[in-house]
K.L.:
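Structure below; questions to follow.
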Amino acid sequence: MTTNNKSITCKKLLFISRHAPYGTSLAKEALDAILAASAYDQNLSLLFMDDGVFQLLSAQDPSDLEQKNFAAMLPVLALYEIENIYVHFESLQARQITINELILDGVQVIDSKTICSLLTQQDQLLSF
Amino acid sequence: MTTNNKSITCKKLLFISRHAPYGTSLAKEALDAILAASAYDQNLSLLFMDDGVFQLLSAQDPSDLEQKNFAAMLPVLALYEIENIYVHFESLQARQITINELILDGVQVIDSKTICSLLTQQDQLLSF
Amino acid sequence: MSTLHTVNKSPFTHTTLLSCLQICGEDDGILLLEDGVFGAIKSSPCSEQLSIIMQKGIKIYALMGDVKARGLQEKLHPDIHITDYNGFVQLSIEHRCVQSWY
Amino acid sequence: MSTLHTVNKSPFTHTTLLSCLQICGEDDGILLLEDGVFGAIKSSPCSEQLSIIMQKGIKIYALMGDVKARGLQEKLHPDIHITDYNGFVQLSIEHRCVQSWY
Amino acid sequence: MIFSLAIYAAPYSSQASDTAYRFAAAVLANGHQLYRVFFYHDGVHNSSALMTPPQDEINLVLQWQQLSQDYNIDLVVCIAAALRRGLLNEQEANRYDKPTFNLNQNFEISGLGQLVDAAVISDRLITFGG
Amino acid sequence: MIFSLAIYAAPYSSQASDTAYRFAAAVLANGHQLYRVFFYHDGVHNSSALMTPPQDEINLVLQWQQLSQDYNIDLVVCIAAALRRGLLNEQEANRYDKPTFNLNQNFEISGLGQLVDAAVISDRLITFGG
């Protein structure tokens, strides 16, 4: 793929991750999908909302479940240069989760209205 | 199995069906399970609650989905001599469903408190 | 450009439709399908909120085959639009993106 | 005889726990597990109702491995009992029947 | 005390099968009897001999197999649920002219009567839904 | 217009795969192009060659197969999701020393990149979750 082709096909893709970790595999599969997307030179964003915000709690310890720690996996997003990471303010508020409980430093907390306009700026939504 | 053995092992089994028809296969699989149980000479009961009460609406017409009509299947319960059929009053009320919209005549509408004591009279609960 | 939202869970048992309504914009559309069509009936727990956003101009659709299957034809909120799969395709073209709430 | 109820869905997104609370009797017990343990935190949408029924003597348990996995140790409602799989087995013996809410 | 379990959830996709396995292990560790594990709805996928998780992840079909071999436990897959979802043993593959089969050999395909029988025989039947 | 679909739901257990198939058929009937159907999460079960529903019920794997043959549509199953859930083609069966394979021959096993590629190439990507 030439640089020229790349620019033609550079799209804005927003991954929306709405499910809690561990109870189902959707949270992990959303993460795997956006990491795979990072190889394609697209404009990527990731939004956590609803129970998906529980993925960000830093105190996770799934050793009894013999599963990988989700909180320990999320920092890999920075290594893959995925920097547009959003968290839904009202979802945090409903769960009384404060920003200092979250594993990621660089997340942008945005309200419902801002999410609405974020969606309108995208070329595709990947719904998880 | 002798008559004597039968009486020793005659248990009260309550099937609880809480899911809407068509959207998932759980409603159909609950029905299949209780029909299978009718061959075992046990004391069977069936309770519809939560979105499970939607299974009873007589106006169903799933022809566009190419699925079998759930409302048309339920009367088979009588043929299998499953007569203890209960519907949760508060679930009907929340959905504003009246008793004359239901496909089965012989259902007993019972409230939460009665369900609570119904559960305590059982030997096993089969949760769907 | 606007977003089409699809919702396939019952609002009597899931908060999916509520989540969708929270971030739905005035140019957006909502398509209720599968168990999501329970959200299209007058007795839906989101019924009042749907009335309010429909007055703002947001259009709400329900998939006919799913409404009929569940026997809800006579129970529908009067302002909900009934559509079919061709309509679903058309809606997905008229909006720029589709968000699936499941 | 009494019933043990297990709940494995989050009360933030499903009405499962509410349904369970509706028909839970005074001798019954409730075990929260998997995503159901989100119901055990102080900010749960059912938190007040849980307080009320725990005052009536109904015991509510949460499965430790699931609480720890989700990082909820410091967020728990103070009257919730933490248990493990041996406790789960014991609870299922102490109650006559088990109803699974999923 | 005699226990049986009914599992309706797919492994990996839902945590419930893993929960059920840990419960089963605790039942046995506490000296109780596990009469049967009945797989229905998406639970039938627990029986797939082709399940190939990464090596550092839990392999549920092998865990059930080990449990069955160590304690002689009946692992029964509902035939109607299994056929719809593509789980077959050799006999069913022959019956329906399928080129191969994929049921782990420690699982038995049978009817819903085995769920009812488990409810009747056991002191406790516990459902694990997805 | 170019469409792609992402399917995350198991057939039979959830209605969503059937909805996705009907949507795919409507896309084509309206003269649009269907670039790819990508199967992920429990959606991978749509690809099972061993799926054996009763004769009077919909057989989704055969419906997808027909659609693929009639319109030359790319049916792609995510490799990581498929292996965990026991869906293998011949090559993967050999790689992991499994005795057989069960992927319908019209489905291709590939990576998550094929989902991203579908999102980039298509005008519309629609997700069908369970």
Side-chain angles (χ1 to χ4, degrees), chain C residues 1-20 23-24 27-40 61-72 81-102, chain F residues 1-46 57-58 60 63-64 67 71 73 81 115-116 118-130:
Chain C
M1 289 296 291
S2 66
T3 305
L4 175 67
H5 304 266
T6 69
V7 177
N8 76 346
K9 291 287 178 293
S10 163
F12 291 95
T13 49
H14 293 71
T15 58
T16 320
L17 179 55
L18 276 180
S19 295
C20 167
I23 68 157
C24 182
D27 297 326
D28 290 357
I30 300 177
L31 173 63
L32 306 172
L33 73 169
E34 299 166 21
D35 286 347
V37 298
F38 292 120
Y61 304 83
L63 208 51
M64 178 161 51
D66 287 324
V67 169
K68 272 175 57 189
R70 290 160 182 80
L72 308 178
H81 300 261
I82 295 298
T83 191
D84 59 11
Y85 278 93
N86 293 325
F88 185 0
V89 171
Q90 198 53 41
L91 284 171
S92 70
I93 291 169
E94 288 166 7
H95 297 83
R96 187 177 185 189
C97 287
V98 181
Q99 158 65 0
S100 303
W101 302 83
Y102 60 90
Chain F
M1 202 167 232
I2 305 175
F3 284 80
S4 284
L5 312 186
I7 301 183
Y8 302 161
Y12 302 106
S13 309
S14 153
Q15 198 193 332
S17 295
D18 186 64
T19 302
Y21 171 78
R22 291 173 197 278
F23 183 82
V27 162
L28 295 163
N30 282 274
H32 301 293
Q33 192 186 333
L34 186 55
Y35 174 66
R36 179 171 296 147
V37 185
F38 188 84
F39 299 89
Y40 192 37
H41 191 66
D42 277 343
V44 300
H45 292 298
N46 280 277
E57 287 185 15
I58 288 167
L60 263 168
Q63 290 193 325
W64 290 119
L67 206 71
Y71 296 92
I73 291 164
L115 171 62
V116 182
V120 172
I121 297 293
S122 310
D123 300 304
R124 294 291 181 275
L125 172 74
I126 327 257
T127 303
F128 294 87

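Given the structure is predicted, the values throughout are model-derived calculations rather than measurements. Per chain, numbering begins at 1; letters A, B, ... match sequence-line order.
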K.L.:
Against chain C, label F/R124 side chain, backbone, both or neither, depending on which of its atoms sit under 4.5 Å from a heavy atom there.
P.N.:
side chain
K.L.:
Do C/I30 and C/T6 have side chains that get closer than 4.5 Å, going by heavy atoms?
P.N.:
no
K.L.:
What part of C/L4 is in contact with chain F, defined as an atom under 4.5 angstrom from a non-hydrogen atom: side chain, backbone, both or neither?
P.N.:
neither
K.L.:
C/S2 vs C/D28, test: side-chain hydrogen bond (donor to acceptor under 3.5 Å, both in side chains). Steps then yes/no.
P.N.:
CA-CA 5 Å; C/S2 66; C/D28 290 357; 4.6 Å; no
K.L.:
Can you tell which part of C/D66 gets under 4.5 Å to a heavy atom of chain F, answering side chain, backbone, both or neither?
P.N.:
side chain
K.L.:
Just so I understand: if I count every heavy-atom pair under 4.5 Å between each of F/G130, F/S14, F/A29 and chain C, which residue has the most?
P.N.:
F/G130
K.L.:
Stepwise, does the side-chain hydrogen bond (donor to acceptor under 3.5 Å, both in side chains) test hold for F/S4 with F/S122?
P.N.:
CA-CA 6 Å; F/S4 284; F/S122 310; 2.7 Å; yes
K.L.:
Determine the option with the most heavy-atom pairs under 4.5 angstrom with chain C, choosing from F/D123, F/N30, F/L125.
P.N.:
F/N30
K.L.:
What part of F/A9 lies closer than 4.5 angstrom to a heavy atom of chain C: side chain, backbone, both or neither?
P.N.:
neither
K.L.:
Would you mind reporting whether F/F39 and F/S17 have side-chain heavy atoms less than 4.5 Å apart?
P.N.:
no
K.L.:
Specify which of C/L33, C/V98, C/V89 makes the most heavy-atom pairs with chain F at under 4.5 Å.
P.N.:
C/V89
K.L.:
C/C20 and side chain to side chain contact (heavy atoms under 4.5 Å, CB included): which partner among C/K9, C/H5, C/Q99?
P.N.:
C/H5
K.L.:
Is there a donor-acceptor contact under 3.5 Å from the side chain of C/D84 to the main chain of C/N86?
P.N.:
yes
K.L.:
Tell me, for C/N8 versus chain F, whether the close heavy atoms (under 4.5 Å) come from the side chain, the backbone, both or neither.
P.N.:
side chain
